[in-house]
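So that the names make sense, note that chain A is the first sequence line, chain B the second, and so on, each numbered from 1. All values below were derived from every heavy atom in this structure, side-chain atoms included, with hydrogens, water molecules and symmetry-related copies excluded.
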Amino acid sequence: MINEIKSYEFEEIERRCQERWRAEGTFEVSEDPTRPKFYCLEMLPYPSGDIHVGHVRNYCITDVVTRFKRMRGFNVLHPIGWDALGLPAENAAIKHGTHPEGWTRSNIASMKAQLQRLGFSYAWSREIATCDASYYRWNQWFFLKMLERGIAYRANSPVNWCPSCLTVLANEQAEGGLCWRCRSVIEIRDMEQWFLRITDYQDALLDDMEELSAWPERVLQQQRNWVGRSEGAEVSFPTEDGGTIRIFTTRIDTIYGATFCLLAPEHPLVDQLMNGAPKESALTLARLRGQDRRARLAGQVEKEGLFTGRYAKNPFSGERIPIWVGNFVLMGYGTGAIMAVPAHDERDFEFARKYGLRVHPVIQSPEGALDGATMTEAYTGPGVVTGSAEFDGLASEIAVEKMSAHASAHGFGGVKTAYRLKDWLISRQRYWGTPIPVVYCDKDGVVGVREADLPVILPPDAPFTGEGGNPLEKVETFVRATCPKCGGPARRETDTMDTFVDSSWYFYRYCSPTTEDAPFDKAAVRYWFPIDLYVGGIEHAILHLVYSRFWTKVMRDLGLIDWSEPAARLFPQGMVHKDGEVMSKSKGNTIAPDDVIKRYGADTLRLYILFAAPPELSMEWSETGIEGPHRFLLRVWRVVHKRAGTASRGRDFASLSENGAALRRRVHQTIARVTADIDERIHLNTAVAALMELTNDIYRLEEGLTGDSDEAALGEALDTLVLLLSPFAPHACEQMWSDLGHPKSLVDEAWPEADQAAMREDANEVAVQVNGRIRGRVMVPALADEAAHKALALAEPGVKAQVEGKTLVKAIIVPGRLVNLVVK
RNA sequence: GCCAGAGUGGCGAAAUUGGCAGACGCAGCGGACUUAAAAUCCGCAGACCCGGAAGGGUCGUAAGGGUUCGAUUCCCUUCUCUGGCACCA
């Protein structure tokens, strides 16, 4: 007789579960030294207004891991917060005549409701918003500490300016010359700005990667490129008028081939060298300096230069070489000056040919000797050094060492390392950010605000007119300040901090979000750190993920913590595409999670998003694909409810039928698979697939079950299925768990353990190959030895036919899997 | 140009350490149930060839080559795509 099956009313089930988790504070945690801890983190979202599918994908991954680890006995911290300061809020305020804070707060409220509808396991009591003064005051506190130590400094330098966002940007945020936020072409302007000395940590950022073995190689590689360490040498070329040109080179082995020197147009020596040069040269120089520096940086401008009229001496050869200015030499890298070796550098070669300068080869290519007059391209590979006095005959690598040592011994140079990384420009000429806590005093200059006077609060009454300029400048009560040193009148800094400052340390704040006398409680942080799993978008590989590694190192040097890296494991999830394109607001191809939840429920959405592709690859959103996981959930629901209320069926498996034994095998094999998939590889798609297979097996086997032991096996199967599925579809599983007759909430149940004995097969189907081609399959008892495998294989009729009349040369046997018979 | 990653059925994908390629799902086809449809349940399903069928054979993981008894997996060459960096000396 068939029971009436309760229908799956996901809306009601999900609402009830979520209410219960909230009311009972199910996912709230505190430090508990008696249990292993697990810190599971996702990158905090910017409150743009709506949760999109990309967020959902990110948070589904962490939610599964959180619930899984919790059931495995870990004390799991899974917090969430809001990266709440930033330009979009300010732009929205200008557009709608409101205040950025109101816009931000209402976005947070609606996004929070959306997250709750998805049933994520957050410790909501630890929620933070970076726009709270109780949070950003610690940005200011950190800034003051860095100011004291010279890590924060103010300097005039060429900086990236976004003409649309009306603010400067850090190097990391000028992606390929475009603003990371609005894609406008950035300009380079000379401005006095605040920087953080991230370059003090450039070696640490590279060397500490040794600790990041659980970070993906592609992220580390990107960061390595970004830091751009390159080992070379610095050499001083004396000029004829008693000056010195310092050049950086990675190819000191080619120095005897240097036929001229090149300076960047902005190089400080240029004016002096050009003193008295003909007017026409001065005009050319002015033109080179006026060239768009961004385009020059990107190599989009034709190589051009001019002769200064002066000469320098090659300190190795003593040769007199002309000094030129070249527009492709960058002031921001190395020393802003190079020795030009046209024979062995493509750019120098191109320049030399254009201006008829000498090409003088000093490295023998494997094809033989080179002729400077006739060569058509530079030879840039390594080789044997020639025409270089006592260094002749050395291989490039050896010559580099010897020549560097020579320069060092004679006091005109030595080994030197150059970096691509620039200091982090953190000032922003906008309102909705953390005020930089300094004042300008006519008497004392730049003075940090007293720690006791923090926070410097954003004045709520700033005018958002959209006329350009920082609204803070127009708030007189804010700008007018008192100098902490002399007590005299001072002007307050109106620049605010890059919002990447906020996100550089927020994960420490989660450990003690209400601590008032420090950025965080040291003991709490010591308990929870490091972050065990950090999941977020790959687009932060060199932004947030460099900044936060830097910040942790600074905190270590401030004595706040005693480790150097914040996250033990990083897992960048793939992006969500629709119709082959990245899903984004600007493309108008976004999917609203709310609509999907309404139609299928949160559990189906979660299952679908995790099943569709492995989490680290991009996934293609498909409207029809979601039907599969939904049908799966319904299938589980039906098979569970056929047996509702039968939780206490015992665990006596003494007299299992064949089907019963098969079912138990499948159950325990599935436990092993799902556990490994979540715990080790985070391959959640195959974990879901394994659960689908188990469900199919239950359907297939349940009809043939008889007797108490079989009933017990079925009970075990259903319980296990629900437990294993629960991190993916927590609401439906909570309901099914209760309907099966379990009184306790499922989130506190222990994760099932695979029983090795129960999962072992009695016999395995073994593939039999003859000369590497499959010719048959045989059933072989589980513990059969190699001889038995061979005998069974040879007895198989299809195999027999292939082997007959031939000599068996060799038999390769992989027990339980395969036999390969090699015959001649 | 340099660096990293990827390329598997109509589609999303799987294959844990070199050992049965295509699990699981979508779309499709067939059957059962139904007055009928939907839903559900049970099947079929890489391509090509032979065969009435049962079955058998050949090819097949971007392309070509190599190592191996055996290669989606390791090595070499080439192509394509994605991401990052790029006149960085």
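Across all strands shown, A/Y699 has heavy atoms under 4.0 Å from sugar-phosphate atoms exclusively, and none from any base. When heavy atoms are screened at a 4.0 angstrom cut-off, A/L262 is found touching no nucleic acid atom at all. At a threshold of 4.0 angstrom between heavy atoms, the contacts of A/Q769 include nucleobase atoms, whether or not backbone atoms are also involved. Residue A/R224 is classed as having no contact, given no heavy-atom separation below 4.0 Å to the nucleic acid. Nucleic acid contact class of A/V814 (heavy atoms, under 4.0 Å, all strands): base. At the heavy-atom level, A/V301 lies under 4.0 Å from base atoms of the strands shown. Note on A/V329: a base of the nucleic acid sits closer than 4.0 angstrom, heavy atoms only. As judged by a 4.0 angstrom heavy-atom cut-off over every strand, A/D677 is placed among residues making no nucleic acid contact. At the heavy-atom level, A/P216 lies nowhere under 4.0 Å from the strands shown. Residue-level contact check: A/Q221 touches the backbone only, with heavy atoms under 4.0 Å from sugar-phosphate atoms and none from bases. At the heavy-atom level, A/D348 lies nowhere under 4.0 Å from the strands shown. Using a 4.0 Å heavy-atom criterion, one finds that A/I774 contacts the sugar-phosphate atoms exclusively.
Nucleotides B/A14 and B/G52 have their P atoms positioned 41 Å apart, rounded to a whole Å. Separation of the C1' atoms belonging to B/G60 and B/C49 is 14 Å when rounded to the nearest angstrom. A distance of about 23 Å separates the C1' atoms of B/G46 and B/C42, rounded to the whole Å. The gap from the C1' atom of B/U61 to that of B/A15 amounts to 11 Å, rounded to the nearest Å. Using C1' as the reference atom, B/C79 and B/G22 are 25 Å apart when rounded to the nearest Å. B/G25 and B/A63 are spaced 30 Å apart, taking the C1' atom of each and rounding to whole Å. Spacing between B/C29 and B/A47 at atom P, rounded to whole Å, works out to 16 Å. Distance check on atom C1': B/U73 versus B/G19 gives 11 Å, rounded to whole Å.
Atoms CG (A/L607) and P (B/C26) sit 13 Å apart, rounded to a whole Å. Between the C1' atom of B/A89 and the CZ atom of A/R347 lies a distance of 5 Å, rounded to the nearest Å. A straight line from CG of A/L617 to C1' of B/G7 spans 12 Å, rounded to a whole angstrom. Rounding to whole angstrom units, CD of residue A/Q223 and C1' of B/C3 are separated by 14 Å. Rounded to whole Å, atom P of B/A23 lies 15 Å from atom CG of A/N685. Atom CD1 in A/I255 sits roughly 16 Å away from atom P in B/A89 (whole-Å rounding). As rounded to whole Å, 10 Å separates atom C1' of B/G70 from atom NZ of A/K810. Rounded to whole Å, atom P of B/G84 lies 11 Å from atom CG of A/L178.
The pairing partner recorded for B/U58 is B/A47, the criterion being a Watson-Crick or G-U wobble arrangement whose two distances lie under 3.5 angstrom. Under the Watson-Crick or G-U wobble criterion, with both distances below 3.5 Å, B/A21 is left unpaired in every strand shown. With a 3.5 Å ceiling on both atom-pair distances, the Watson-Crick or G-U wobble partner of B/C74 is B/G66. In a base pair of the Watson-Crick type (N1 to N3 plus N6-O4 or O6-N4) or a G-U wobble (N1-O2 and O6-N3), with each distance short of 3.5 Å, B/C85 is matched with B/G1. Of the nucleotides present, B/A32 is the one that pairs with B/U40 by Watson-Crick or G-U wobble criteria, both distances under 3.5 Å. When Watson-Crick and G-U wobble pairs are counted only if both distances are under 3.5 Å, B/A6 pairs with B/U80. Of all nucleotides present, none satisfies the Watson-Crick or G-U wobble test against B/A53 with each distance under 3.5 Å.
Closest to the side chain of A/I812, from the set B/C69, B/C88, B/C24, is B/C69. For A/T686, whose side chain is taken as the heavy atoms from C-beta onward, the closest listed nucleotide among B/A13, B/C24, B/A15 is B/A15. Of the candidate nucleotides B/A13, B/C24, B/G70, B/A13 has the atom nearest to the side chain of A/P614. With distances taken from any side-chain atom of A/I542 to the nucleotides B/C42, B/G84, B/C26, the minimum falls on B/G84.
For B/G9, the glycosidic angle deviates from 0 by 90° or less, giving a syn base.
Taking the six-membered ring where the residue is Trp, A/H630 and A/Y600 present perpendicular rings, their angle passing 60° and hence far from 30°. In this structure, A/Y8 and A/W637 have tilted ring planes: the angle between them lies in the 30° to 60° band.
Defined by atom type and a distance below 3.5 Å, a donor-acceptor pair is missing between the side-chain atoms of A/R420 and A/N225. For the residue pair A/Q669 and A/R666, a side-chain donor N or O sits within less than 3.5 Å of a side-chain acceptor on the partner. Counted by atom type alone, A/E217 and A/W215 present zero donor-acceptor pairs between their side chains at under 3.5 Å. Inspection of the A/D203 and A/Y419 side chains reveals an N or O donor paired with an N or O acceptor under 3.5 Å.
Counting distance only, with no hydrogens placed and no angle test, the side-chain atoms of A/N225 and the base atoms of B/C85 include no donor-acceptor pair under 3.5 Å.
In this structure, the side chain of A/E786 does not engage the main chain of A/P815 through any donor-acceptor pair within 3.5 Å.
Note on A/R775 versus A/E796: no salt bridge recorded, every NZ/NE/NH1/NH2 to OD/OE distance being 4.0 Å or above. A/E377 and A/R353 are not joined by a salt bridge, as no carboxylate oxygen comes within less than 4.0 angstrom of a charged side-chain nitrogen.
Counting heavy atoms of neighbouring residues, nucleotides and ligands inside a 6.0 Å radius, atom NZ of A/K790 does not exceed 12 of them.
Remark: A/R631 is in phosphate contact with B/C26, judged by side-chain N or O atoms under 4.0 Å from OP1 or OP2. For A/R218, no side-chain nitrogen or oxygen approaches OP1 or OP2 of B/C3 to under 4.0 Å. For B/C59, one of the phosphate oxygens OP1 or OP2 lies less than 4.0 angstrom from a side-chain nitrogen or oxygen of A/R773. Listed pair A/S622 / B/C11 fails the phosphate criterion, with no side-chain N or O lying under 4.0 Å from OP1 or OP2. Within the structure, a side-chain polar atom (N or O) of A/R420 is placed less than 4.0 Å from OP1 or OP2 of B/A86.
When each of A/E765 and A/R775 is assigned the nucleotide of RNA chain B bearing its nearest heavy atom, the one mapping closer to the 5' terminus is A/E765. Heavy-atom nearest nucleotides on RNA chain B were determined for A/R700 and for A/A613, and the one closer to the 5' end corresponds to A/A613.
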